[in-house]
Number of protein chains: 2
Amino acid sequence: MTDIKSGPNPLFLREEDLRQGIELLFYAYRDFTAEPDAMLAKIGLGRAHHRVVYFVGRYPGITVTELLGILQITKQSLSRVLSDLVDQEYIAQRPGTKDRRQRLLTLTDKGVDLERSLSDAQRARIASAYRAAGAAAVEGFRTVMLGIIDAEDRAKFPPPGKR
Amino acid sequence: MTDIKSGPNPLFLREEDLRQGIELLFYAYRDFTAEPDAMLAKIGLGRAHHRVVYFVGRYPGITVTELLGILQITKQSLSRVLSDLVDQEYIAQRPGTKDRRQRLLTLTDKGVDLERSLSDAQRARIASAYRAAGAAAVEGFRTVMLGIIDAEDRAKFPPPGKR
DNA sequence: GATTTTATGTCAGTCATGTTGACTTATTTC
DNA sequence: GAAATAAGTCAACATGACTGACATAAAATC
């Protein structure tokens, strides 16, 4: 154990630095999901419904296959929550114009309301963390998070200048 | 909508910045957990077992109540995975010396091996992200993540100087 | 010393969310 | 015309969460 107990020299990645990274992700995700989960429970829905509503809101007209690619679950798993959301009129389906096999998914007004109320707690949490941390820290956060995400999905996050 | 489409001015938090923050957390956590999940599936265990093994390794001698406080699940939920881990001799229990009602939890040698092999993929992912991002970005990452975590748990992450 | 609280564990039932495998239908592509 | 693709369905199952009720041992309090 080369435990020099030096000042911070993060390019010499100690065991403890890495462990702290693991724990930051664990606690942040735990707290980040707690509020919407509690709201969802009250209306008989779960986190999986939130994810679907979120990404349909994010990419209006998204196809089922595209959604499966993002969520990385099976179509049978998606089917259940998507059926719930369509039945309860949070999400509308319409056939694709170019490819009529596709079902393009969009939020109804009711779905927009749900998405907003669920994600607002998360937006507030992010906003408060960003404000407290400052612009430079936010850029560092972005950079490290992108490094954690598999390379295939990094293109979903265009650099600040391009936005 | 005051959409000025300016250059990056992160103190004016636009809708899109916040949405990007939400998605960074979603994708990072999804990819961060995928590798250990796949390894666990091969030996008939799940993510819940990983969490327990991780935190018992992190805090040797931790009590059941303390572990429940970290995981934020019910004792019935913990009981099942903890029993598995004790039965399969990944975790050992011994009565507390000061309070003999407590069961102090520690990893066995077998448990240490399991914890290491599971978390190694995660450590490697963090290490690679940290190296690619650089020291300043890592500090920003830490700061923002701490802002996302509920205040009660921030003390678990001492500032760099104090480590 | 008796009572209450705490730490832990257990039994039973339920729900949400994931899985695999098999199969169907409509449509598009080759 | 045949094969591939997009979507959906049925069935069975595993995991990990939950609630509620109850039990035991030990510690803390009155």
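If you're wondering where the values come from, they're calculated on a predicted model, not measured in any experiment.
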Which residue lies more 5' along DNA chain C, comparing B:Gln76 with A:Gly46 via nearest heavy atoms:
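On the 5' side of the pair lies B:Gln76.
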
A:Arg101: side chain to side chain donor-acceptor pair (under 3.5 Å) partners, not counting sequence neighbours:
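Checked A:Arg101 against side chain to side chain donor-acceptor pair (under 3.5 Å); matches are A:Asp99.
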
Where the side chain of A:Lys110 meets the backbone of A:Gln88, is there a donor-acceptor pair that is under 3.5 Å apart?
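Yes: the side chain of A:Lys110 pairs with the backbone of A:Gln88.
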
Using a cut-off of strictly less than 4.0 Å, decide whether [X] has a side-chain nitrogen or oxygen near OP1 or OP2 of [N].
X       : N      : value
A:Thr65 : D:dA7  : yes
B:His49 : D:dT15 : no
B:Arg51 : D:dT15 : no

Nearest-nucleotide 5' precedence on DNA chain D, B:Gln72 against A:Val64:
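Per heavy-atom nearest nucleotide, the more 5' residue is A:Val64.
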
Footprint string (nucleotides 23-30 of chain C, 5' to 3'): B base within contact, S backbone only, - free, heavy atoms under 4.0 Å:
---BBS--

Just checking [X]: base, sugar-phosphate only, or nothing, at a heavy-atom cut-off of under 4.0 Å?
X       : result
B:Arg47 : sugar-phosphate
A:Ser77 : base
B:Glu66 : nothing

If you take all heavy atoms of B:Ile73 and B:Leu68, which pair is closest and at what distance?
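Here B:Ile73 and B:Leu68 meet closest at O-CD2, 3.6 Å.
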
Between atom CZ in A:Arg80 and atom P in C:dG18, what is the gap in whole Å?
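After rounding, the reported distance stands at 8 Å.
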
Starting at CZ of A:Arg103 and ending at C1' of D:dT5, how long is that distance when rounded to a whole Å?
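For the pair A:Arg103 CZ and D:dT5 C1', the rounded distance is 14 Å.
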
Taking only residues two or more places apart in sequence, or in another chain, which ones meet A:Glu35 in a salt bridge (charged side-chain N to carboxylate O under 4.0 Å, His left out)?
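Partners of A:Glu35 by the salt bridge (charged side-chain N to carboxylate O under 4.0 Å, His left out) criterion, ordered by chain and then number, come out as A:Arg125.
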
Would you call the rings of A:Phe157 and B:Tyr27 parallel, tilted or perpendicular, taking 30° and 60° as the class edges?
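The rings of A:Phe157 and B:Tyr27 stand perpendicular, inter-plane angle above 60°.
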
Is the ring pair A:Tyr59/A:Phe55 parallel, tilted or perpendicular, if the boundaries are 30 and 60 degrees?
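If you compare the ring of A:Tyr59 with that of A:Phe55, the planes turn out parallel.
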
